[in-house]
Amino acid sequence: DLIVHVRDITHPETVLQKATVLSVLKNLNLPSRLLDSIVEVHNKVDLIERYKPTEENALAISALHGHGLEELKQEIEKKILTATGKKILTINVNLEGPQLSWLYKEATVQEVEVMPEDGTARVKVIIGSSAFGKYKNLFPN
């Protein structure tokens with residue numbers, strides 16, 4: 001669903017390495033949507049003072065120090081959701097009904113926050129459009 005290209009930005013041949021990787025990927029006859037959505041990551045930015053990527057949409061990280069990793073995670077999540085046609089939603093469910101069980105079977109449940117005072121839960125899920133449509137039809141309230 002996604003290609004993440006991580007480069008050692010301190011390597012003297014980093015630009016040539018990028019060109020070589022892109023050439024190999026193009027020769028694999030991958031779908032253009034996949035090639036167009038590559039996440040470009042510049043690693044080892046901690047070794048270059050005040051590093052700013054010159055390439056559009058490149059993310060600067062230091063895996064060693066953890067710099068930029070949260071932004072990288074968010075970008076990967078966003079692109080995967082776009083590529084797969086899924087969404088992250090928070091749905092309120094009645095714990096006495098079958099909704100939570102259904103969500104565990106048909107979606108990816110990320111978090112469940114139980115509200116014991118009213119017997120409900122807030123459920124954070126990753127769910128496709130068609131599955132969410134089925135959910136709304138099965139559980140209209």
Side-chain angles (χ1 to χ4, degrees), residues 1-95 97-141:
D1 294 316
L2 180 66
I3 296 172
V4 179
H5 181 209
V6 180
R7 291 168 45 201
D8 173 354
I9 207 64
T10 66
H11 192 283
E13 299 294 333
T14 190
V15 174
L16 178 60
Q17 289 175 336
K18 177 183 179 177
T20 302
V21 167
L22 291 177
S23 175
V24 169
L25 289 173
K26 286 178 183 164
N27 288 333
L28 292 174
N29 294 321
L30 299 171
S32 60
R33 64 163 179 75
L34 191 56
L35 293 173
D36 293 340
S37 67
I38 294 174
V39 176
E40 181 75 24
V41 181
H42 295 178
N43 190 24
K44 297 190 180 180
V45 299
D46 55 299
L47 300 177
I48 301 173
E49 196 171 323
R50 291 188 214 135
Y51 179 77
K52 293 259 192 254
T54 56
E55 298 169 33
E56 192 177 334
N57 299 322
L59 297 170
I61 71 162
S62 167
L64 181 65
H65 297 288
H67 168 77
L69 295 181
E70 188 58 36
E71 292 85 355
L72 175 59
K73 179 184 166 215
Q74 289 171 5
E75 182 67 13
I76 289 172
E77 184 176 86
K78 181 177 87 176
K79 294 231 177 176
I80 289 289
L81 290 172
T82 299
T84 60
K86 295 188 178 181
K87 301 174 189 169
I88 296 178
L89 299 173
T90 300
I91 302 170
N92 291 320
V93 301
N94 182 337
L95 291 173
Q99 294 96 326
L100 185 58
S101 176
W102 190 93
L103 288 170
Y104 270 108
K105 288 179 195 162
E106 303 295 330
T108 302
V109 175
Q110 290 191 307
E111 285 177 28
V112 177
E113 182 185 355
V114 175
M115 315 305 246
E117 61 277 358
D118 63 0
T120 65
R122 283 192 197 104
V123 184
K124 184 177 176 186
V125 295
I126 300 173
I127 191 166
S129 297
S130 66
F132 187 56
K134 288 178 193 172
Y135 178 86
K136 289 192 297 189
N137 285 335
L138 288 169
F139 312 108
N141 298 334

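- A 4.5 Å side-chain heavy-atom check between Trp102 and Lys134 finds at least one atom pair inside the cut-off.
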Check the pair Arg122 / Thr90 against side chain to side chain donor-acceptor pair (under 3.5 Å), numbers first and verdict last.
CA-CA 6 Å; Arg122 283 192 197 104; Thr90 300; over 6 Å; no
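- Side chains of Tyr104 and Val112 form a contact here, defined as non-hydrogen atoms less than 4.5 Å apart.
- Here the side chain of Ser23 pairs no donor or acceptor atom with the backbone of Ala19 at under 3.5 angstrom.
- Summarising the geometry of Lys87 relative to Leu81, their closest heavy-atom pair is N-CD2, 4.2 Å, with the distance given to 0.1 Å.
- Minimum heavy-atom separation, Leu2 to Leu34: N-CD1, 3.6 Å.
- Residues Ile38 and Leu22 are in side-chain contact: their nearest non-hydrogen atoms beyond the backbone lie under 4.5 Å apart.
- Phe132 and Tyr135 have parallel rings, their planes meeting at less than 30° on a 0 to 90° scale where 60° marks the start of perpendicular.
- Between the Asn43 side chain and the Ala63 main chain, a donor and an acceptor come within less than 3.5 Å of each other.
- When Ile91, Val93, Thr120 are each tested for a side-chain contact (heavy atoms from CB on, under 4.5 Å) with Gln99, only one passes: Val93.
- Annotation: the span from Ile80 atom CD1 to Ser37 atom OG amounts to 8.5 Å, rounded to 0.5 Å.
- Once rounded to the nearest 0.5 Å, the distance linking CZ of Phe139 with CG of Leu100 reads 10.0 Å.
- Across Val109, Thr108, Leu89, a single residue satisfies side-chain contact (heavy atoms from CB on, under 4.5 Å) together with Ile126, and that is Thr108.
- Gln74 is not listed as a side-chain neighbour of Glu77, based on a closest heavy-atom distance of 4.5 Å or more.
- Taking each heavy atom of Gly119 and Asn94 in turn, the nearest pair found is O-OD1, 3.6 Å.
- When all heavy atoms of Gln110 and Ile88 are compared, the pair lying nearest together is OE1-CG2, 4.0 Å.
- No side-chain heavy atom of Ile127 sits under 4.5 Å from any side-chain heavy atom of Glu106.
- Looking at every heavy atom in both residues, Asp46 comes nearest to Ser62 through OD1-OG, 2.9 Å.
- The only member of Lys18, Glu40, Gln17 that meets side-chain hydrogen bond (donor to acceptor under 3.5 Å, both in side chains) when paired with His5 is Glu40.
- Taking CD of Glu113 as the start and CG of Asn92 as the end, the distance is 9.5 Å to the nearest 0.5 Å.
- A pairwise comparison of heavy atoms in Ile61 and Gly68 identifies CG2-O, 3.6 Å as the closest pair.
- In this structure, Thr84 OG1 and Asp1 CG are separated by 6.0 Å, a value rounded to the nearest 0.5 Å.
- Taken from CG in Asp36 to CG in Leu30, the straight-line distance is 11.0 Å, to the nearest 0.5 Å.
- Few gaps surround CD on Glu117; more than 12 heavy atoms of other groups in view lie less than 6.0 Å from it.
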